[in-house]
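Written out below as structure tokens is the structure these notes cover.
Convention: sequence-line order gives letters A, B, ...; per-chain numbering from 1.
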Protein chains: 2
Amino acid sequence: MVISMYVDDRQPERIKTSEDLGKLVRKFRQSQKMTQMDILGLANTGNRFIVELEQGKPTLQLQKVLDVLDLLGLEVIIQKKGSL
Amino acid sequence: MVISMYVDDRQPERIKTSEDLGKLVRKFRQSQKMTQMDILGLANTGNRFIVELEQGKPTLQLQKVLDVLDLLGLEVIIQKKGSL
DNA sequence: GAAGATTATTACTGATCGGTAATTTTTAAT
DNA sequence: ATTAAAAATTACCGATCAGTAATAATCTTC
């Protein structure tokens, strides 16, 4: 029996800084009711990386970030500014 | 007098790897008739970074990448996979 | 095919990433 | 308030990032 259902229809979000990204990842992870450790299992990374990602560390390595986003079921789109 | 006009209506592109990103940056830069050096001027970075970015180096630092994209007039969107 | 512009490579180097694993702090639930 | 789970911090450290600047390679254009 389904008690409640979470439909995450959050709007696509514009990411300008690593902080923006961190906040988004955290919000999304929580909306999926996942723990950081859940993610560690999937990605080949230590706890430190996830913590730093969610904290918005600016120097994280690009591909690792892309990998985690992908694992979370998120996709990255790049477009001209102001494209509707 | 305007001889020709370039309307860059390239579709938003899905970025899964640093290579995807590199290719996109290069294509876009060229569509804007910019040289790598034009970008160096704007961003606070050396030529090496731009070369490596366009070559898809996976370990580039996140914030630097975001900065360059912003300077180029591109925006990064993150959304749930399959969002239309 | 020469010259100039653009892009790529290299060596050098200080700064820092991030895995690991242990410890501490914070949060949540009863 | 206790207690457990979750998140954050720390120290250690090998690997590597990226600026600089010089050189080399490649691409254009005449």
Exercise. Roughly how many Å is it from CD in B:Gln30 to P in D:dC27, rounded to a whole number?
Worked result: 12 Å
Exercise. If you take all heavy atoms of B:Lys80 and A:Glu75, which pair is closest and at what distance?
Worked result: O-OE2, 3.9 Å
Seminar exercise, completed: From CD of A:Gln55 across to P of D:dT10 the rounded distance in Å is 11 Å
Exercise. Does any donor-acceptor pair link the side chain of B:Asn47 with the base of C:dT9 at a separation under 3.5 Å?
Worked result: yes
Exercise. D:dA8 P sits how many Å from A:Arg29 CZ, rounded?
Worked result: 7 Å
Exercise. Under 4.0 Å between a side-chain N/O of B:Lys64 and OP1 or OP2 of D:dG19, yes or no?
Worked result: yes
Exercise. Within the distance-only criterion (no hydrogens, no angle test), does the side chain of A:Gln63 pair as donor or acceptor with the backbone N or O of B:Ser18 below 3.5 angstrom?
Worked result: yes
For this session: Would you indicate, yes or no, if C:dC17 has its OP1 or OP2 atom less than 4.0 angstrom from a side-chain nitrogen or oxygen of A:Thr59?
Result: yes
Exercise. Quick one: is D:dA5 close enough that its OP1 or OP2 comes under 4.0 Å of any side-chain N or O from A:Gln36?
Worked result: no
Exercise. CD of B:Glu52 versus C1' of C:dA8: gap in Å, rounded?
Worked result: 10 Å
Exercise. Just to confirm, is there a sub-4.0 Å distance from OP1 or OP2 of C:dT16 to any side-chain nitrogen or oxygen of A:Gln61?
Worked result: no
Exercise. Does the distance from a Lys or Arg side-chain N to an Asp or Glu carboxylate O, for A:Arg29 and A:Asp38, drop under 4.0 Å?
Worked result: no
Problem set entry | pair A:Ile77-B:Val76: side-chain heavy atoms closer than 4.5 Å | no
Exercise. Reckon B:Leu60 touches a base, only the sugar-phosphate, or nothing at all at heavy-atom distances under 4.0 Å?
Worked result: sugar-phosphate
Exercise. For A:Glu54 and D:dT9, what is the distance between atoms CD and C1' respectively, to the nearest whole Å?
Worked result: 15 Å
For this session: Check the surroundings of atom CD in B:Glu19: do more than 12 heavy atoms from other residues, nucleotides or ligands lie under 6.0 Å from it?
Result: no
Problem set entry | Given C:dC17, C:dT7, D:dA18, the nucleotide with the shortest approach to the side chain of A:Lys57 | C:dC17
Exercise. Between B:Arg48 and C:dC12, does any side-chain N or O lie under 4.0 Å from OP1 or OP2?
Worked result: no
Exercise. With a 3.5 Å cut-off and just heavy-atom distances, do the side chain of B:Asp38 and the base of C:dT6 make a donor-acceptor pair?
Worked result: no
Problem set entry | Rounded distance (Å) that lies between atom P of C:dA5 and atom CG of B:Leu40 | 17 Å
Exercise. Given D:dG19, is OP1 or OP2 found less than 4.0 Å from the side-chain N or O atoms of B:Thr45?
Worked result: yes
Problem set entry | Separation of C:dG19 C1' from A:Ile50 CD1 (nearest whole Å) | 13 Å
Exercise. Given C:dG18, C:dT7, D:dA6, which nucleotide is nearest the side-chain atoms of A:Phe49?
Worked result: C:dG18
Seminar exercise, completed: Separation of D:dC17 atom C1' from A:Gln63 atom CD, nearest Å, is 16 Å
